[in-house]
Amino acid sequence: MKSERTRKSSPFRTETWYDLEYDKDLITQSVAKQYGILPSAQDEMHYSEWILLVGGLMEDTPLGQTVLIRKENDKERLKHFTQHEHRIRNEWRSFAANQKLSEKKKTEDFAKMFEDIFKNMF
């Protein structure tokens, strides 16, 4: 799963196929399935250890199956998607687009702040 998390489309752009907060239930279920660690034990686990486990999740976990659906771009395969699979893919694409807009807004706000600082310096 680690190699499935991102897909490089250029040396400068990496596409992410899951989000730790958005997919928290799928991640918890996947860690439980793959490693046999109950959700209550995951809450007590140190974050750095837990994130290593998440990075190693395989395709046969709930998150792994969801990532495969989200990243599918083959038109023939998409024709055979169920309504549920299309919904999963579309919801993710909407979430990812909103995240990109939010990041762009933060960058613009940050740039504006520096612009104002420099204007007030002189």
*Asks:* Roughly how far, to the nearest 0.5 Å, is CD of Gln34 from CG of Leu53?
*Replies:*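 These two atoms lie 8.5 Å from each other.
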*Asks:* Would one find more than 12 heavy atoms of other residues, nucleotides or ligands at under 6.0 Å from atom CZ of Arg77?
*Replies:*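 No, CZ of Arg77 has 12 or fewer neighbouring heavy atoms, counting only those of other groups under 6.0 Å.
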*Asks:* Have His86 and Arg89 got a donor and an acceptor in their side chains that come within less than 3.5 Å?
*Replies:*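 Arg89 and His86 do not have a side-chain donor-acceptor pair below 3.5 Å.
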*Asks:* Do the charged groups of Arg70 and Asp23 touch, with an N to O distance under 4.0 Å?
*Replies:*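 The answer is yes: the pair qualifies as a salt bridge.
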*Asks:* If I take atom CD from residue Gln99 and atom CD from residue Glu21, how far apart are they, to the nearest 0.5 angstrom?
*Replies:*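 Spacing of CD (Gln99) from CD (Glu21) equals 10.5 Å.
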*Asks:* Side-chain contact, heavy-atom cut-off 4.5 Å: Leu68 with Gln65?
*Replies:*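 Yes, close enough: below the 4.5 Å cut-off.
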*Asks:* Is it true that Tyr22 and Ile88 fall in one hydrophobic cluster, defined by side-chain heavy atoms closer than 4.5 Å?
*Replies:*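 No; tracing contacts between hydrophobic side chains, which count when under 4.5 Å, never links both residues.
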*Asks:* Starting from the C-alpha separation in whole Å, work towards a yes-or-no answer on ring pair (Phe, Tyr, Trp, His ring centres under 6.0 Å) for Trp92 and Tyr18.
*Replies:* CA-CA 8 Å; Trp92 173 256; Tyr18 68 89; 8.2 Å; no
*Asks:* Side-chain heavy atoms nearer than 4.5 Å, only ILVMFWY residues, links allowed to pass through others: does that put Leu78 and Trp17 together?
*Replies:*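 No; tracing contacts between hydrophobic side chains, which count when under 4.5 Å, never links both residues.
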*Asks:* Within the side chain of Lys79, is there an N or O that forms a donor-acceptor pair under 3.5 Å with the backbone of Asp74?
*Replies:*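 No: the side chain of Lys79 does not pair with the backbone of Asp74.
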*Asks:* Is it the case that one hydrophobic cluster holds both Val54 and Met45, taking links as side-chain heavy atoms less than 4.5 Å apart, direct or via other members?
*Replies:*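 Looking at the clustering, Met45 is in the same group as Val54.
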*Asks:* Grab the two heavy atoms, one from Ile27 and one from Asp19, that are nearest each other, plus how far apart they are.
*Replies:*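 What the structure gives for the nearest pair is CD1-O, 4.1 Å.
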*Asks:* Write down the atom of Leu63, the atom of Ser30, and the distance for their closest heavy-atom approach.
*Replies:*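 Here Leu63 and Ser30 meet closest at N-OG, 2.8 Å.
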*Asks:* Answer with yes or no whether the hydrophobic clustering places Leu26 together with Ile51; edges join I, L, V, M, F, W, Y residues whose side-chain heavy atoms lie under 4.5 Å apart.
*Replies:*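 Same hydrophobic cluster.
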*Asks:* Tell me, which pairs form a side-chain hydrogen bond (donor to acceptor under 3.5 Å, both in side chains) where one or both residues lie in residues 35-44, sequence neighbours left out?
*Replies:*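 Residue pairs with at least one partner in residues 35-44: Gln42-Trp50.
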*Asks:* Is any side-chain heavy atom of Ser94 closer than 4.5 Å to a side-chain heavy atom of Asn98?
*Replies:*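 Yes, at least one pair of side-chain atoms sits under 4.5 Å.
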*Asks:* Is any side-chain heavy atom of Phe81 less than 4.5 Å from a side-chain heavy atom of Glu72?
*Replies:*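 They are in contact (side-chain heavy atoms under 4.5 Å apart), so the answer is yes.
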*Asks:* Does NE2 in His80 sit with more than 12 non-hydrogen atoms of other residues, nucleotides or ligands closer than 6.0 Å?
*Replies:*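 Count over threshold, so yes.
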*Asks:* Quick one: does any side-chain atom of Thr61 pair with a main-chain N or O of Met58 as donor and acceptor, under 3.5 Å?
*Replies:*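 Yes, because the side chain of Thr61 sits within donor-acceptor range (under 3.5 Å) of the backbone of Met58.
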*Asks:* Regarding Thr82 and His84, is there a side-chain donor-to-acceptor distance under 3.5 Å anywhere?
*Replies:*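 The criterion, which ignores hydrogens and geometry beyond distance, is not satisfied for His84 and Thr82.
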*Asks:* Hey, what do you get for OG1 (Thr66) to CD (Glu91), rounding to the nearest 0.5 Å?
*Replies:*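 Rounded to the nearest 0.5 Å, the OG1-CD separation comes to 10.5 Å.
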